[in-house]
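Residue numbering restarts at 1 for every chain, and letters A, B, ... go by the order of the sequence lines.
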Amino acid sequence: MRPPGLLDRRLLFVTGKGGVGKTSVAAALAALAAAQGRRTLLCEIDAKGDLAEVLEVEPLRYAPREVLPQLFAMAMSTEESLKEYLRLQLRVPLLAKIGPLARTFDFVASAAPGVKEILTIGKLAFEVRENHYDLVVVDSSATGHVVGQLAAPGAIREVVRAGAVRGQVDWILDILQDPAQTGAVIVATAEEMPIAETIELAASLGSKTYVDLAAVIVNQVLPELFGVREEELFSSLRTVASRRKLVAELGEGVNGVLDAAALAVARRRARAVHLEALYDALGPSVPMLYLPFLFARRHGVRTTRRLSAALAAELGVDA
Amino acid sequence: MRLESLLSAKEIVLMCGAGGVGKTTTAAAAAAMAATHSGGRVLALTVDPARRLATALGLQEFGNTETRVPTSAFTQAGARPRGELWVAMLDTNASWDDLVRTHAPDATTRDAILANPLYRNVTGKFVQSHDYIAMERLHEIHSSGRYDLIVVDTPPTRNAIDFLDAPDRMAEFFSSRLLRWLIAPYRSRMFTAASKPFYSVADRILGAQFLRDIAEFFMLFQTMYDGFVDRAKAVTRTLEDRRTTFVVVTTLEATPAREAEFFINALVERRYHLGAVVCNRMLPDYFTERAGAQAAEAMKTDAAALATVMAHRVADRDAMQGVLREIAESYLNYHVVAAREAEQLAELTVASELVVRVPALERDISSLADVLEVGRHIW
């Protein structure tokens with residue numbers, strides 16, 4: 001069976017090593033889905049405020065807010081999620097009235113394995129199950145933490161043998177483990193550690209979480225400057241004689257310009273080696289998408305839109 | 001002020017910053033330089049080393065135990081170390097086990113804790129246990145007096161300041177009324193009026209058995225209360241000590257730099273010693289030079305005329321024009337990024353007396369020689 005298109009799934013967890021642009025890519029994915037007319041929820045898990053920054057909006061809260069047409073953004077809060085859960089599922093009245101109870105629950109949630117995680121994952125799966133949105137895009141934790149998060153429902157099922165929670169992890173798992181509905185998207189840059197972590201994560205997603213790897217997005221791809229023939233001409237420009245001529249024409253600053261081009265070529269080449277390792281490890285079955293490095297002064301709505309357009313081109317859809 | 005003099009006056013250096021900025025490499029480089037030039041026994045304590053970094057240090061891999069980097073590795077890298085370089089990795093599970101062994105009141109309790117089905121799960125998750133155990137291990141190694149200098153690569157945390165507060169939170173956690181409250185009904189079999197509604201709701205959500213498992217675990221754990229709290233306080237004192245310093249590592253991209261500033265403020269607020277800010281992967285200076293930008297602009301505009309001058313053969317002129325355009329555009333692209341970085345750098349320079357700039361190394365770290373090359377930039 002052909003896997004569903006990336007944006008046709010219902011729940012996408014976007015992860016990646018710190019510094020690879022995970023938040024920007026999550027925002028771009030969600031913005032693209034919304035631009036296509038999908039009612040989309042974009043949720044930031046680590047409330048660091050990076051998402052609000054790339055969307056150029058006020059700090060996000062638990063209650064979703066429409067930040068672009070059809071795009072709703074929220075920040076996860078396990079406490080709010082717990083309150084909502086108790087209210088909706090168990091019909092427990094507002095916790096605020098019972099005072100210390102809320103704090104106790106917070107404590108149990110911190111102490112008991114997987115409770116915080118399930119409150120996070122559960123909330124997101126709930127939005128999917130209730131069809132509140134066509135697509136939920138999650139700016140998830142970094143590679144090191146995401147497996148624990150996605151594996152939490154399974155872990156809970158093993159330790160909690162009774163109670164309301166037990167009954168609920170089952171439907172959460174049904175959603176998480178269905179590749180037609182849920183997928184993980186790993187964002188990487190073509191550098192040693194991000195690629196190594198991507199390969200590791202791809203393996204443990206399958207063995208520990210059963211969440212389908214929907215795509216690997218290689219972000220910040222540097223432009224190819226030259227073909228083989230141009231490369232030769234470029235070398236000819238860097239000889240002593242040519243440099244002297246260029247300095248005469250353009251001034252001393254041109255030396256830096258030539259060195260800069262050599263650096264750009266070297267950088268792109270060094271990155272190609274890591275991409276090879278990634279292809280070898282993942283095989284042809286995992287879709288790979290490429291997004292360009294954006295030479296931008298700052299990252300905000302404009303760069304998010306540019307990334308969205310690049311994603312649309314990669315996916316072969318209209319932006 | 002240089003990192004060399006900072007490090008020679010300190011016994012503990014904590015490298016902190018956002019994920020992916022090169023903390024581990026910076027920690028290894030600082031430790032390798034200290035071992036080479038200042039002498040003594042230096043330990044690099046890391047959280048999650050790149051496998052290649054282990055190989056670079058001449059080791060197959062390193063675990064929770066401290067391993068010495070062989071002198072032959074230095075010799076191969078063309079260095080003659082005056083001291084010794086040791087490395088160790090933080091293994092959270094093994095460290096928790098050690099802690100339980102140290103603080104359990106007797107063998108029965110110790111075994112019961114280690115065998116508790118929830119133990120692994122709970123220690124792996126509760127109140128930043130990872131952050132705490134890193135600080136605890138640091139304290140343990142430091143007080144053993146085995147090393148003259150310990151360079152720590154701090155754990156990647158959700159919130160960079162979490163690990164600073166971890167010892168306090170751990171102490172708070174073990175002395176908390178909430179913990180006693182949770183355990184009480186299982187210990188005394190008496191439900192207080194206050195805890196009854198909690199248990200009835202908790203039972204409905206989690207099931208009674210699970211709650212009992214948790215409570216049993218914490219009851220066992222509480223036997224270690226005194227040892228734990230004293231220890232957590234000692235760990236905090238170690239962080240505050242004048243022999244300890246913090247180095248904030250960052251790149252000049254917007255997000256990590258913002259986190260670095262946040263972290264600097266957090267350190268200052270807590271009165272910890274901010275020793276230096278290390279700016280990693282800086283673009284070369286020629287990207288910000290005015291003459292360079294002017295040359296690139298001119299090259300782009302006059303590409304056709306220049307191509308005529310520069311191409312050795314007439315047939316190459318068109319291609320040469322394309323090459324000159326590409327070169328100029330590539331420069332101007334990076335120039336934009338470099339200008340932003342310069343701005344970030346200026347902001348960080350205000351925040352710290354010592355700002356160390358490390359250029360991007362255009363290859364992966366694959367040998368001790370590479371580590372030392374990074375080291376030379378920070379030293």
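For Pro284(B), the part sitting under 4.5 Å from any heavy atom of chain A is the side chain, from C-beta outward, and nothing else. For chain B, the nearby part of Phe226(A) is the side chain; its heavy atoms alone come within less than 4.5 Å. Looking at Leu332(B), there are no atoms closer than 4.5 Å to chain A (heavy atoms on both sides), in backbone or side chain. Proximity to chain B (any heavy atom under 4.5 Å) is shown, for Ala262(A), by neither the backbone nor the side chain. Residue Phe287(B) touches chain A through its side chain alone, counting heavy-atom pairs closer than 4.5 Å. Within the 4.5 angstrom heavy-atom criterion, atoms from both the backbone and the side chain of Ala298(B) approach chain A. Only the side chain of Arg258(B) has a heavy atom closer than 4.5 Å to any heavy atom of chain A. Heavy atoms of Glu341(B) lying under 4.5 Å from chain A are absent altogether. For His335(B), no part lies under 4.5 angstrom from a heavy atom of chain A. Within the 4.5 angstrom heavy-atom criterion, no atom of Glu231(A) approaches chain B.
In terms of non-hydrogen atom pairs under 4.5 Å with chain A, the most contact-rich of Arg290(B), Glu289(B), Glu326(B) is Glu326(B). Most heavy-atom pairs under 4.5 Å with chain A, from the set Ala254(B), Ala291(B), Ala339(B): that is Ala291(B). Put simply, of Pro194(A), Ser242(A), Gly19(A), Pro223(A), the one with the most heavy-atom pairs under 4.5 Å next to chain B is Ser242(A). Comparing Asp259(A), Leu294(A), Val273(A) by how many heavy-atom pairs each has under 4.5 Å with chain B, the most go to Asp259(A). In terms of heavy-atom pairs under 4.5 Å with chain B, the best-connected choice from Leu237(A), Val20(A), Thr189(A) is Leu237(A).
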Next on the checklist: Determine whether Phe293(A) and Val337(B) satisfy the following criterion, side-chain contact (heavy atoms from CB on, under 4.5 Å), listing intermediate values before the conclusion.
Outcome noted: CA-CA 11 Å; Phe293(A) 184 91; Val337(B) 177; 4.1 Å; yes
Checklist entry - Given the rule in the side-chain contact (heavy atoms from CB on, under 4.5 Å) test, do His274(A) and Asp364(B) qualify, once you have shown the distances and angles that lead to the verdict? => result CA-CA 10 Å; His274(A) 297 301; Asp364(B) 299 316; 2.7 Å; yes
Next on the checklist: Run Arg229(A) and Asp316(B) through side-chain contact (heavy atoms from CB on, under 4.5 Å) and show every step you take.
Outcome noted: CA-CA 10 Å; Arg229(A) 191 165 123 76; Asp316(B) 286 337; 3.1 Å; yes
Checklist entry - Can you list the steps and then say if Glu249(A) with Met310(B) is a side-chain contact (heavy atoms from CB on, under 4.5 Å)? => result CA-CA 10 Å; Glu249(A) 296 280 337; Met310(B) 299 309 298; 5.7 Å; no
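Checked for salt-bridge contact, Arg325(B) and Glu230(A) miss the test: no charged N lies under 4.0 Å from a carboxylate O.
Put simply, the side chain of Leu225(A) does not reach to within 4.5 Å of the side chain of Ile327(B), judged on heavy atoms. No side-chain heavy atom of Asn255(A) sits less than 4.5 Å from a side-chain heavy atom of Tyr286(B).
Here CD of Glu191(A) is found 6.0 Å from CZ of Arg281(B). Values are rounded to the nearest 0.5 Å. Put simply, OG1 on Thr255(B) and NE2 on His299(A) are 8.0 Å apart, with the number rounded to the nearest 0.5 Å. Rounding to the nearest 0.5 Å gives a distance of 8.0 Å between CG of Leu233(A) and CZ of Arg313(B). How far CE of Met299(B) is from CG of Leu250(A): 5.5 Å, rounded to the nearest 0.5 Å. A distance of 11.5 Å separates OG in Ser330(B) from CZ in Arg268(A), rounded to the nearest 0.5 Å. Distance CD/Glu252(A) to CD/Gln294(B): 13.0 Å, rounded to 0.5 Å.
Although no hydrogens or angles enter the test, the distance criterion places no donor-acceptor pair under 3.5 Å between the side chain of Arg340(B) and the main chain of Arg298(A).
More than 12 non-hydrogen atoms from other residues, nucleotides or ligands lie less than 6.0 angstrom from CZ of Arg243(A). By the 6.0 Å contact criterion, NZ on Lys245(A) is enclosed, its count of non-hydrogen atoms from other residues, nucleotides or ligands being greater than 12.
Residue Tyr331(B) comes nearest to Ala260(A) through the heavy atom pair CD1-CB, 3.7 Å, listed as atom of the first residue, atom of the second, then distance. Pairing each heavy atom of Ser236(A) with each of Met320(B), the nearest pair is OG-CE, 3.8 Å.
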